[in-house]
Amino acid sequence: MYKEMDDVVNQVLAIRHLGSEALYNMMIYYFTEARKLTRAVYIFKHMKSSKNLECRPSIKTYNLLFTVFLSRRTDTHVNHMYMETMRCLFRQLVDAGLEPDIYTLSSMIKGYVLSNHVNDVLRLFHQMGVVYTCLPNAVSYDHIIHGLCAQGRTNNARELVKKIKEEGFVPNNMTYKSLVNSLSIIGEIEEAVDKLIDFITYRTLLDELCRRGDAQKAMKLLLELRKEEIVDELSYNQLLSVLQDDFCWSAFENNAMIARL
């Protein structure tokens with residue numbers, strides 16, 4: 001299969017005026033999935049040198065390459081090596097006048113975290129919404145917090161968790177696990193236990209009830225947690241949002257459920 005595809009690609013590349021950005025992206029995707037990175041990069045270079053502007057790399061092209069570079073990481077040395085390639089690609093993307101999207105920026109953040117370039121993570125984070133149009137999303141924040149914790153910058157991570165909660169984001173379990181580990185290392189055991197209980201245990205319980213389809217028990221548990229002041233109002237609203245998403249409740253259905261309980 002690979003040899004036949006390779007022959008077809010060679011025939012297409014031999015005709016300079018043939019092809020399109022979408023076709024070349026499909027070829028790159030095929031070779032990245034087949035772990036033929038050298039061929040994928042060759043096609044990318046062919047696109048860059050094309051005189052047909054419609055065949056030039058798009059943001060999707062760059063994102064395909066970012067994805068494969070991130071997927072090939074095995075240790076710190078490899079992370080550093082591929083991160084330099086990603087830096088180069090990102091500069092080419094910007095120089096070509098393309099606007100990075102949220103996937104591009106999140107990929108760069110993840111790459112910097114994996115290669116322990118936390119200062120570069122923060123630099124890019126502060127450029128989002130200023131230099132670049134995209135604002136950070138939950139995935140971006142999760143990677144940043146994980147990177148800060150890995151570098152022992154617990155206070156920065158703690159402040160960022162507080163900030164994103166205020167903005168309505170719900171960090172995932174990896175984020176809280178990183179923060180709990182970081183707090184434990186510096187001896188702040190009580191806060192680590194509090195965060196472990198507040199942000200993982202309760203959500204895990206609710207997720208399990210949602211998985212079983214027991215909406216009433218899930219809502220009852222959440223109301224009891226608020227009544228006993230085990231969770232604050234902000235955490236309550238975030239956990240309620242989890243239930244609404246899992247059960248696809250409307251605001252009316254949500255209020256009706258609360259009234260019945």
Check Phe66 against Ser107 and note the closest heavy-atom contact, atom names and distance.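 That closest heavy-atom pairing would be CB-CB, 4.1 Å.
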For the student: nearest non-hydrogen atoms of Met128 and Ser140, plus distance: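 Nearest heavy atoms, Met128 then Ser140: CE-OG, 4.2 Å.
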Distance in Å, [X] [atom1] paired with [Y] [atom2], rounded so as to fall on 0.5 Å steps:
| X | Y | atom1 | atom2 | result |
| --- | --- | --- | --- | --- |
| Glu99 | Leu93 | CD | CG | 9.0 Å |
| Ile59 | Asn25 | CD1 | CG | 11.0 Å |
| Ile43 | Tyr29 | CD1 | OH | 14.5 Å |
| Lys220 | Leu223 | NZ | CG | 10.0 Å |
| Glu159 | Ile145 | CD | CD1 | 11.5 Å |
| Glu33 | Ile28 | CD | CD1 | 13.0 Å |

Are any of the side-chain heavy atoms of [X] and [Y] separated by less than 4.5 Å?
| X | Y | answer |
| --- | --- | --- |
| Met47 | Cys55 | no |
| Leu122 | Arg153 | yes |
| Tyr141 | Lys163 | yes |
| Val113 | Ile144 | no |
| Leu98 | Val94 | no |
| Met27 | Tyr24 | yes |

What class does the angle between the rings of Phe44 and Tyr62 fall in, given that below 30° is parallel, 30 to 60° is tilted and above 60° is perpendicular?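 Answer is perpendicular, since the angle exceeds 60°.
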Using 30° and 60° as the class limits, which term best fits the ring planes of Phe69 and Tyr82: parallel, tilted or perpendicular?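 Tilted, since the angle between the ring planes falls between 30° and 60°.
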Does Met86 form a side-chain contact (heavy atoms from CB on, under 4.5 Å) with Leu65? I'd like the steps, not just the answer. CA-CA 8 Å; Met86 288 182 65; Leu65 293 175; over 6 Å; no
Can you get from Leu148 to Val139 by hopping between Ile, Leu, Val, Met, Phe, Trp and Tyr side chains that sit under 4.5 Å apart?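 Different clusters: Leu148 never reaches Val139 through Ile, Leu, Val, Met, Phe, Trp or Tyr contacts under 4.5 Å.
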Let me check something: do Leu135 and Ile164 share a hydrophobic cluster, defined by ILVMFWY side-chain heavy atoms less than 4.5 Å apart, either directly or through other members?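 As far as the 4.5 Å side-chain criterion goes, Ile164 and Leu135 are not connected within one cluster.
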Backbone N or O of [Y] within a donor-acceptor pair of the [X] side chain at under 3.5 Å?
| X | Y | result |
| --- | --- | --- |
| Gln127 | Tyr132 | no |
| Ser106 | Tyr103 | no |
| Ser71 | Val68 | yes |
| Arg56 | Glu21 | no |

Suppose we screen for side chain to side chain contact (heavy atoms under 4.5 Å, CB included). Which residues come up paired with Arg87, at least two apart in sequence or across chains?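 Side chain to side chain contact (heavy atoms under 4.5 Å, CB included) list for Arg87, sorted by chain: Met83, Glu84, Arg91, Tyr112, His117, Asp120.
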